[in-house]
Amino acid sequence: MDTMRISAGAEKIPVKCNSLSSLVTRRWRTKTFPARIRNWRLLSVKSISSNTKTLVTDSEQVASSIKHHSEFRPLFSPEKFELPKAFFATAQSVRDALIVNWNSTYECYNRVNPKQAYYLSMEFLQEPDPALGNGGLGRLASCFLDSMATLNYPAWGYGLRYKYGLFKQIITKDGQEEAAEDWLELSNPWEIVRNDVSYPVKFYGKVVFGSDGRKRWIGGEDVVAVAYDVPIPGYKTKTTINLRLWSTKAPSGDFDLSLYNSGKHTEAAEALFNAEKICYVLYPGDESDEGKALRLKQQYTLCSASLQDIVARFETRSGGSVNWEEFPEKVAVQMNDTHPTLCIPELMRILMDLKGLSWEDAWKITQRYLLKMTVSLVLIYPDLLKEKLNAMRILENVELPSAFADVIVKPESKPVIAEKTIDLSEDAKEDAQTDVIVKPESKPVIAEKTIDLSEDAKEDAQTDVKKEVEEEETAGVIAEVIPEPPKMVRMANLAVVGGHAVNGVAEIHSEIVKTDVFNDFVKLWPDKFQNKTNGVTPRRWIRFCNPYLSDIITNWIGTEDWVLNTEKLAELRKFADDEDLQSEWRAAKKKNKLKVVSLIKERTGYTVSPDAMFDIQIKRIHEYKRQLLNILGIVYRYKKMKEMSASEREKAFVPRVCIFGGKAFATYVQAKRIVKFITDVGSTINHDPEIGDLLKVIFVPDYNVSVAELLIPASELSQHISTAGMEASGTSNMKFSMNGCILIGTLDGANVEIREEVGEENFFLFGAKADEIADLRKERAEGKFVPDPSFEEVKQFVRSGVFGSNKYDELIGSLEGNEGFGRADYFLVGKDFPSYVECQEKVDKAYRDQKRWTRMSILNTAGSSKFSSDRTIHEYAEDIWNIKQVELP
Ligand code: NBG
């Protein structure tokens with residue numbers, strides 16, 4: 001086979017694959033190429049550049065491989081050779097080249113049998129097309145995979161192969177609209193289906209004792225999870241690890257042919273549809289009971305299939321003699337957030353019901369050594385929760401059990417985490433994914449299993465649980481609040497109890513986790529809790545997305561090693577005032593800005609000046625991230641401009657292009673209002689002839705990884721302005737800083753550490769601190785808060801109708817009053833507004849002095865080395881997973 005020939009050749013020929021990458025790039029530039037295919041260029045080029053040692057370079061071989069794929073593995077008709085076909089054939093031929101190292105990596109791990117880490121995540125935000133993620137959590141997972149491969153750690157990712165990714169965002173005059181993200185429409189050239197790797201996954205049914213005394217799970221609904229593998233090549237290494245994504249289908253016998261033949265087509269196909277729909281969409285709406293059940297099924301599918309696979313691999317690698325005690329020495333499972341918490345009961349089920357272990361042994365394996373959880377939970381206070389449920393119109397639509405309604409109506413002195421609630425809040429959707437209500441009548445198997453565990457739990461575990469309950473009661477947390485709670489699987493608690501290590505994702509966040517969110521658990525297991533500050537891969541987030549800056553860095557440092565050893569970036573510090581470096585630095589920024597000028601024109605029709613400061617806020621639209629603070633700051637600026645004469649305003653303000661991007665969750669009404677407000681403000685200001693280039697407000701539609709790769713290198717100021725204590729870490733803040741962008745932000749998440757690293761004079765800080773927030777809210781509730789006149793002025797201006805007939809009552813109203821649903825400015829926009837505006841004045845002042853600004857910019861890049869995901873992965877490997885690097889021969 002041609003493929004084999006190429007593979008064999010690849011082993012021998014050291015290469016530079018320029019011809020291939022430029023071919024892919026050229027295709028991308030051609031207009032007729034659909035956008036979703038154009039974007040795939042990124043992966044191809046990366047794949048090529050990162051495996052230069054072993055790939056094919058010979059142009060004839062490359063051409064022949066492409067020809068081979070278009071002829072013998074065609075996805076398109078034979079009579080035409082158009083761009084999609086060329087792209088797919090090219091991509092497949094690149095993938096074939098990757099297969100060599102990929103297979104060697106499998107083979108090597110099977111032979112060496114090292115301890116392996118498994119990273120389970122409901123999201124992987126690989127590329128714009130396989131948009132199997134929503135935000136930071138999914139992109140973090142993908143950065144981690146890149147670092148694991150690059151650093152030669154034996155590790156795999158596990159996720160779900162959603163048919164539709166997160167929606168495509170369309171911006172119309174009514175705000176955000178959503179359309180299905182049909183990324184698999186033309187299939188995915190990078191994946192390989194492993195038809196021989198599939199596992200049964202079961203729902204509902206019941207557990208009975210067999211004649212051998214063992215438990216059997218019978219009846220219910222069966223699906224089959226099939227493995228689709230995606231290669232993850234490391235940078236400058238042969239290691240190519242695996243991302244295994246599960247797709248679901250019905251077992252072959254489930255199609256009822258006789259029913260079908262009798263004309264009952266829909267009924268006959270029901271089982272097929274029920275099985276397939278599990279992997280249809282990422283984060284299906286979960287307002288209905290069906291929606292909730294579907295989410296539960298998704299999470300369980302990920303956990304069950306992955307663990308069955310991990311267990312099977314352990315058995316195969318053990319050869320004839322399986323010793324379960326060795327399992328924790330060979331396997332570490334990391335749960336990205338609480339979404340994969342069902343791993344805990346599922347592993348217990350597999351070990352006990354399928355492998356015949358006792359409860360003690362199974363529990364020891366599961367808990368003592370195996371599972372680790374990363375928390376990026378945001379604190380959810382009952383009043384906030386109520387507000388959110390209301391904003392999302394959930395309270396209107398759902399009849400809540402009275403006991404539950406009590407919880408959210410009665411404010412508590414202590415924050416509760418989402419466990420005590422249904423998984424309905426926005427953060428539960430996006431950040432925590434915590435609870436699942438288990439309705440007694442629907443009896444999902446998961447619930448039975450969980451109950452089984454506690455019934456069977458032996459003494460020590462019972463003591464633990466008892467102790468925990470006592471502690472909780474002493475702390476006054478639970479008992480009095482929920483008289484008759486609905487049955488719930490309390491995901492985060494289960495994860496903490498069942499896991500061996502729990503980590504937050506930035507120092508301040510890990511502290512909050514310990515002192516607040518899981519304080520009662522910390523008393524039980526102080527050593528379980530750790531911090532692992534997030535990181536991002538410098539391969540994608542500087543080297544690939546910012547070639548101009550990368551060249552400059554390499555020239556001035558004298559080596560390209562910084563791509564792997566970011567500590568070297570610190571060497572830039574000594575040149576921070578060098579005029580030559582400064583002018584090269586500015587020129588690179590300008591070139592990146594010019595690309596964004598084109599992007600903005602193409603996506604929004606607006607023309608912006610590349611000489612204005614590019615001020616960017618790109619992230620999920622969320623009240624706690626406070627896009628509202630940003631846009632109100634802009635409105636205030638606009639008002640001040642309008643009050644001045646032309647010459648006054650030119651003197652007073654630095655020209656700015658304020659860029660927003662981000663998706664609002666489809667059912668998050670308040671977030672969608674924010675999108676609408678931003679676009680309305682933009683259409684007024686951008687058409688105001690008095691303002692011209694002094695101020696532009698742009699909302700870039702359908703923000704995704706590709707857009708980020710263009711915007712971040714072009715940014716000069718970026719906004720990370722969450723209410724202190726609410727952003728677990730943030731990761732775009734790291735990407736911006738690496739690319740020489742200066743941050744304006746609160747002391748929240750990783751901002752705190754970024755500021756420490758780059759120096760406080762190179763960071764624009766404002767706003768209330770995390771430990772002041774509770775008192776500020778209290779002050780507000782007591783009616784003691786006096787808003788700054790500037791804040792009253794800006795709200796009044798919005799209400800006066802400058803931005804159209806809409807008065808934005810719900811948005812502006814949420815910032816007013818001292819109590820009530822969707823009122824009282826929970827996120828403290830009003831409190832922080834004056835210090836934000838003042839800080840923005842400092843930004844303008846600093847920007848006017850371009851030497852000072854460029855120095856600040858260089859010092860940001862120079863100070864960003866800590867935020868490489870390589871550092872984070874080394875820490876996970878050493879402190880939590882206990883795995884060692886394995887270099888391929
Ligand atoms: C996010 C947090 C971020 C954090 C990332 C990665 C989700 C659900 N959570 O603060 O909001 O940086 O996770 O840990 O995207």
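Starting from 1, each residue takes its place in the sequence as its number. Counting starts at 1 for both ligands and their atoms, in listed order. Worth saying up front: this structure is predicted, and the values here are computed from it rather than measured.
Across every non-hydrogen atom of Ile344 and Ala495, the tightest pair is CD1-CA, 3.6 Å.
Counting atoms of ligand 1 from 1 in the listed order, those under 4.0 Å from a heavy atom of Tyr624 are 11 (O). For ligand 1 and Ala728, the ligand atoms under 4.0 Å from any heavy atom of the residue are 10 (O). Listed by number with element, the atoms of ligand 1 under 4.0 Å from a non-hydrogen atom of Glu727 are 2 (C), 3 (C), 10 (O), 11 (O). Of all atoms in ligand 1, numbered sequentially from 1 with element shown, those under 4.0 Å from a heavy atom of Leu140 are 6 (C), 14 (O).
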Given the rule in the side chain to side chain donor-acceptor pair (under 3.5 Å) test, do Glu346 and Ser304 qualify, once you have shown the distances and angles that lead to the verdict? CA-CA 6 Å; Glu346 178 60 3; Ser304 178; 2.8 Å; yes
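Contacts with ligand 1 closer than 4.0 Å are made by no heavy atom of Asp337, backbone or side chain. Counting heavy atoms closer than 4.0 Å to ligand 1, residue Phe144 contributes nothing at all. The parts of Leu137 lying near ligand 1 are both backbone and side chain, judged by heavy-atom distances below 4.0 Å.
The closest approach between Arg620 and ligand 1 falls below 4.0 Å for a heavy atom of the residue.
Partner of His720 under the ring-ring contact (aromatic ring centres under 6.0 Å, His included) criterion, chosen from Tyr624, Phe736, Phe763, Phe766: Phe736.
The main-chain N or O of Asp832 is found under 3.5 Å from a side-chain atom of Ser835 such that the two form a donor-acceptor pair.
The local environment of NZ in Lys297 is crowded, with over 12 non-hydrogen atoms from other residues, nucleotides or ligands closer than 6.0 Å. Summarising the local packing, CD of Glu567 is surrounded by more than 12 heavy atoms from other residues, nucleotides or ligands at distances under 6.0 Å.
Aromatic pair Tyr876/Phe144: ring centres closer than 6.0 Å.
A cation-pi arrangement, defined by a distance under 6.0 Å to the six-membered ring centre and an angle within 45 degrees of its axis, is absent between Arg620 and Phe665.
For atom 4 (C) of ligand 1, the choice among Ala750, Gly730, Gly136, Gly133 with the nearest heavy atom turns out to be Gly730.
In terms of N/O distances under 3.5 Å, ligand 1 is not approached by Lys625. Among the atoms of Asn534, some N or O lies under 3.5 angstrom from an N or O of ligand 1.
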